[in-house]
Amino acid sequence: MIAIEQVRRDPEAVRRAMQARGEPDPVGELLELDAAWRRDRTQADEIRNRRNQVNREIGHARSAGQPPAPEVIEEMRSLGRQVAQLEASAQAGEERLRELLLGLPNLPLAEVPVGSDSDSNRILRQQGQPAELDFPGLPHWELGERLGIIDFQRGAKLSGSRFYTTSGAGARLERALISWMLDLHTAEHGYTELALPAVVRRDVMEGSGNLPKFADNLYHDADDDLWLIPTAEVPITNLYRDEIIPPGRLPLYYVAQTPCFRREKAAAGRDTRGIKRVHQFNKVEMYQFVEPESSAAELERLLGHAEEICRRLGFSWRVLELCTGDMGFAAAKTYDIEVWAAGCREWLEVSSCSNCTDFQARRANIRYRPEPGGRPRLPHTLNGSGLALPRVMIAIIENNQQPDGSVIIPEVLRPYTGFDRITPPQPPAPGG
RNA sequence: GGAGAGAUGGCUGAGCGGACGAAAGCGCCGGUCUCGAAAACCGGAGUACGGGCAACUGUACCGUGGGUUCGAAUCCCACUCUCUCCGCCA
């Protein structure tokens, strides 16, 4: 949520930001609502003040044995009615204002390239070249089935399209990746590991900005009004909801592996083959609560932590700086990391690293106290995948496939997998 | 699932419908004392919003939402959460 104070102070900046985002201009309506509720609020406070004064007088008189005069009571009744009316009006205005603010995306940082869609994203750097195989390579959906490690039919049998199962070396490879990533981030990058609920309450989804606007993409249990998380960002953001973090605690660095559930309604028909876009997947997520002054530098470090995974796995990758129109709702600045997959011959997004500035903190009412006795401030929050498992699996399987149909396991994972190669269950028949 | 108890400030914990933003203790911050610390003593300190250049000032907040009343931390209703016991269960 953006601050109404900022709209008051610099309406032009907000107007420009929303335009860069491709949003309709909300400023006029915001300012009108704001002025109206402040007027109601001030009047209600004044009448209340009067009422409180008379109340005290009644109390004093009463303890001196004097009951209040009927006309005094009558005035109090009248004041009560006025207060109730003004308050109802102020409350309605405040709710509409909040609703409007909740519907607005974060303001992009000044350096974010302006553009309406992914065509305007800027390629910041590229490490390595898109690898070419010197034999006809296979996409992972074929490799996975031939190796007997990914089963799409049975996934669909259990849960429908866009679900899959892994088995044997495939399941082990994913578990190894998860352990290795968590170990790397905790041991070398300073993160604290969290284990978290995968279902959360409605107000938690609202705190993170997924509800009400993005209900379409969420799975939901109606009986208990519980929602399946689309990313660990949701529960982590809400850890400190409605709290004031004591002095000296920031920065807080967290990493968590959770399943992520996405209905992908908006992407119906896209990426239907393989495990590139599925309804349930695992993701290792990094998350930071930091002081506002350091969030810009922290985003660069966070990005580096995600890139380190790519480097050690031997990937070729590139870093994109997203333009204003392509960024997520809560982000003020976002880097995407894409790795090259030689089988489907695509750059796959494996990480999205964002500085959400104070947007989530304000929305979820998370504050911190800079020093003992100091005024509470809003921290900045950052999140980044580190990394999303299915697409990492894709890249490993496709890039490391061998002419004989086997797949070489990257060196760093071998202590975790216990094997250095995945081989087909039987020698592949000639011609497949 | 059944039965019961509870929710007040950073924590513990008082609070006959009117003087209550709320006793007291602990903790915290500042000061006196001390070479320094501890102890003792003195003082300070909640959060949000409105008005004001500011000093300041007004209002709200005792789990949440309603209700009764001139007036609610206090009375009534609903909900949420926590704890204890029983049952069931990985």
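As the structure is a computational prediction, the values presented were derived from the model and not from experiment.
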| said: For the C1' atoms, the ones on B/rG46 and on B/rC11, what distance do you get once it is rounded to whole angstrom? | reply: 14 Å
| field | Pairwise C1' distance, B/rU80 and B/rG66 [rounded to whole Å] | value | 14 Å
Heavy atoms under 4.0 Å, any strand shown: does [X] hit a base, just sugar-phosphate, or nothing?
{"X": "A/Arg50", "result": "nothing"}
{"X": "A/Arg249", "result": "nothing"}
{"X": "A/Pro376", "result": "sugar-phosphate"}
{"X": "A/Asn49", "result": "sugar-phosphate"}
{"X": "A/Arg56", "result": "nothing"}
{"X": "A/Arg41", "result": "base"}

| query | What distance do A/His185 atom NE2 and A/Tyr253 atom OH have between them, rounded to the nearest 0.5 Å? | reply | 14.0 Å
| request: Return one dot-bracket line describing RNA chain B 5' to 3' (Watson-Crick or G-U wobble pairs, both distances under 3.5 Å; ( ) same strand, [ ] crossing, | another strand, . none). | output: (((((((..(((.....[.....))).(((((.......))))).((((((....)))))).(((((..]....))))))))))))....
| field | 5'-most by nearest nucleotide on RNA chain B - A/Arg369 or A/Arg201 | value | A/Arg369
| said: For a 4.0 angstrom threshold against heavy atoms of chain A, report the outermost contacting nucleotides of RNA chain B in 5' to 3' order. | reply: B/rG18 to B/rC81
